[in-house]
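The chains referred to below are lettered A, B, ... by the order of the sequence lines, with proteins before strands, and numbering in each begins at 1. The figures here come from the full heavy-atom set of this structure, side chains too, leaving out hydrogens, waters and symmetry mates.
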Amino acid sequence: MAEFIGTTKRYGTVLAADRLNLAIRRGEFLSFLGPSGCGKTTALRMLAGFETPSDGTILIDGVEVGAMPAYRRPVNMVFQNYALFPHLTVAENVAYGLRQRRPRVAREDIATRVARALDMVRLGDFGPRRIWQMSGGQQQRVALARAIVNEPKILLLDEPMAALDAKLRAEMQVELLNLQRQLGITFVLVTHDQQEALSMSDRICLMGKGRIAQIGTPRELYDRPANRYVASFIGRANLLPATVRGVADGRVVVTLASGDQVEVAAAETVPGTAVEIAIRPESLSLSPHPVEGTPSVPAVITNRIFLGEHIEFQLTHPVLGVLQVMVPRQTERMLPGADVGATFHVLWDRGLGQILAED
Amino acid sequence: MALSNRQARWLLLGPAGLWYAMLLVLPLAVVLVYSFGERGAAGGYQPAFTLAQYANLATRWTAFKNTLMLAPLGTVAALLIAYPLAYFLAVRVNPRWRTLLLVLVIVPFWTSILIRSYAWIFLLGGRGIPALLADLGLGDWRLINTPFAVLVGIVYGYMPLMFFPIYVSLEKLDRKLLEAASDLGSPPWRSFVQVTLPLSLPGVATGSMLVFILLMGEYLIPQMLGGGKVFFVGNALVDLFLQSRNWAFGSAMSVTLVAVMLVVVTLYMRFLKRIGAAREDVGLM
Ligand SMILES: Nc1ncnc2c1ncn2[C@@H]1O[C@H](COP(=O)(O)OP(=O)(O)OP(=O)(O)O)[C@@H](O)[C@H]1O
Ligand SMILES: [Mg+2]
């Protein structure tokens, strides 16, 4: 569908995008995720045609578009602050793209398609309104309608929900997903909100410092982070240094710095290698006693944080440092005495945890 | 002392209302009353109630004709020159150079209009541009004391008044809107017509109004560059009030000028509203 091939963008000495290689698939929902300044917007703007790559190319449908101006590209964008035309009505805004088509689209045809697009974003009756008569959430839907009415090959969205409150954002996320399913258009979303990316995307392209850190399904990024950066950016992780002890048919046993042996997920490595292990707080559990057959590490509870559905425990181990353990609310009842100051055993079930590659 | 809301409002509006009455309503009322009077035997004003002055207006038709031709023409010419300049400075120029270029636009206007008009007298006079054109074999041109000279002076003198409102409206134009237009398939020139131009219309309206209204009362430029051959209503008024001392007739001319101005301004505002510049989110003036 669209492809970045070694695409690089430099602003003076700033490397905003560094040799991006990425193939966007037809009909997928792809998110660019990453912290502020990592180059997400830059990547999107190169795809839209507002920036020309300093190096490398971009293909859309197999056609090289490196220097093709934005107005010739079969993509449309929903801007962060919507960028709606204040001198036009809602319907005129939505019709804008169709009116630019040459040969011209018939007037009745435009009207029908605008009405359909407005219906799709549930703004059917708002056509004659002025932009400044619309709320923020409504403006966002106008921006969406203005883009999808053109039936672009790719719909680009630059943090479209950043300006909405939490409740509205959750609603819009659902609406966006429904819309994408209905239309079958490829969506490319830029966001710095990992929850948004995890819940909406077919695939996430996680970026850091202008580079792609990992591309994969939300599950892959969460369960099998490629490196330390990914592990610490997506969700939370305990990062522990360890040494590989034994590798046998899909099982890797490592020794933690504390001397305890645990079994982690399969990886290509050899005994004796010094590695770093990432394990999610919810993969660990607590017990007042050691449990037969399950490796565990004793540690002192230093914090107990109520998060609603979960309780987060922070425990301190003299060698391993702080360990985070997330306990579901129901399980907490089976942990009497798990208060600050008590010593508990952190249980590490077989095969959980992941060896991280070098960054 | 407790003031009711209503009393407080009148108290606060008082000073402004007084200014308004003293500086605008009163002089206009005086002029209106005078316009129905007669010239005194020794000049000045003599009370009467007659429409004789108005009946006499046709004798000064040339002044009205010149004003009503050159004021709109000057406004349009100033617009045609100021708009591209403002567009260039507000949109195109590297922001690093913008301040410097803006200063360059303003600096000439730090000298008196009198001095600048003298400069134009020289430039347009026999030894100025016409001499240059003759040397180049481009024929024999007479520029000074023609309507053209007055037009040049007007455009030159009033350009900043046109320039700044347009510049401001273009400068605050959100660049994202142009990106959005481009994203939606519109090439640059069409984005200009469909987005930039309509959004800068409030500036155009303000600038045109300022220039047009002031031009209708212009006196100095026709005097200097028109050399008495191209004169405005303003020149006629100076003549009537200071030379022939016919205050009644002068007042009738003034009243007529104000009336014409009101009509033209009202029509212009209507027109702007029709093409959509007058929106509630963007103040027209
Ligand atoms: N027009 C520009 N001129 C110079 N530097 C730029 C320009 N646009 C972006 N940059 C730089 O390129 C880098 C990447 O910017 P980009 O806007 O792509 O980040 P981002 O990931 O979208 O961040 P955010 O989440 O804050 O929007 C940043 O360091 C930024 O300062
Ligand atoms: Mg951004």
> Between A/A147, A/A143, A/G97, which shows the greatest number of heavy-atom pairs under 4.5 Å with chain B?
A/G97
> At a 4.5 Å cut-off on heavy atoms, which part of A/N76 comes close to chain B: side chain, backbone, both, or neither?
both
> Report the distance from atom NE2 of A/H87 to atom CG of B/L201, rounding to the nearest 0.5 Å.
9.0 Å
> Should A/P86 and B/L177 count as side-chain neighbours, where that means a heavy-atom distance under 4.5 Å?
yes
> Taking CG in B/N94 as the centre, count heavy atoms belonging to other residues, nucleotides or ligands within less than 6.0 Å. Is the count above 12?
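Enclosed: over 12 neighbouring heavy atoms sit under 6.0 Å from CG of B/N94.
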> For A/F85, which atoms come within 4.5 Å of any heavy atom of chain B: side chain, backbone, both, or neither?
both
> With side-chain contact (heavy atoms from CB on, under 4.5 Å) as the test, would you mind laying out the steps for B/S186 and A/Y96 before giving the verdict?
CA-CA 9 Å; B/S186 135; A/Y96 192 93; 3.5 Å; yes
> Hey, does B/P188 have a side-chain heavy atom less than 4.5 Å from the side chain of A/Y71?
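Side-chain contact under 4.5 Å: yes.
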> Let me confirm one number: the CZ-CD distance from A/R45 to B/E179, rounded to the nearest 0.5 Å.
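Atom-to-atom, A/R45:CZ and B/E179:CD are 4.0 Å apart.
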> Can you tell me if CE on B/M69 sees more than 12 non-hydrogen neighbours from other groups inside 6.0 Å?
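Atom CE in B/M69 is not packed in, count stays at 12 or less.
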> Should we count OH of B/Y20 as having more than 12 external heavy atoms under 6.0 Å?
no
> With rounding to the nearest 0.5 angstrom, report the OG to CD distance, B/S182 to A/Q100.
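Going from the OG atom of B/S182 to the CD atom of A/Q100 covers 10.0 Å.
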> Measuring heavy-atom distances to chain B, does A/R102 have an atom under 4.5 Å in its side chain, in its backbone, in both, or in neither?
side chain
> Can you say whether B/D183 sits under 4.5 Å from chain A via the side chain, the backbone, both, or neither, judging by heavy atoms?
both
> For A/L84, which atoms come within 4.5 Å of any heavy atom of chain B: side chain, backbone, both, or neither?
backbone
> One pair to check against side-chain contact (heavy atoms from CB on, under 4.5 Å): A/Y82 and B/K176. What are the steps and the verdict?
CA-CA 9 Å; A/Y82 318 142; B/K176 286 268 177 266; over 6 Å; no
> Is the number of heavy atoms from other residues, nucleotides or ligands within 6.0 Å of CZ (B/R9) greater than 12?
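Counting other residues, nucleotides and ligands, CZ of B/R9 stays at 12 neighbours or fewer.
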> Look at A/R146, A/R73, A/R101 and state which one has the largest set of heavy-atom pairs under 4.5 Å with chain B.
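The answer is A/R146.
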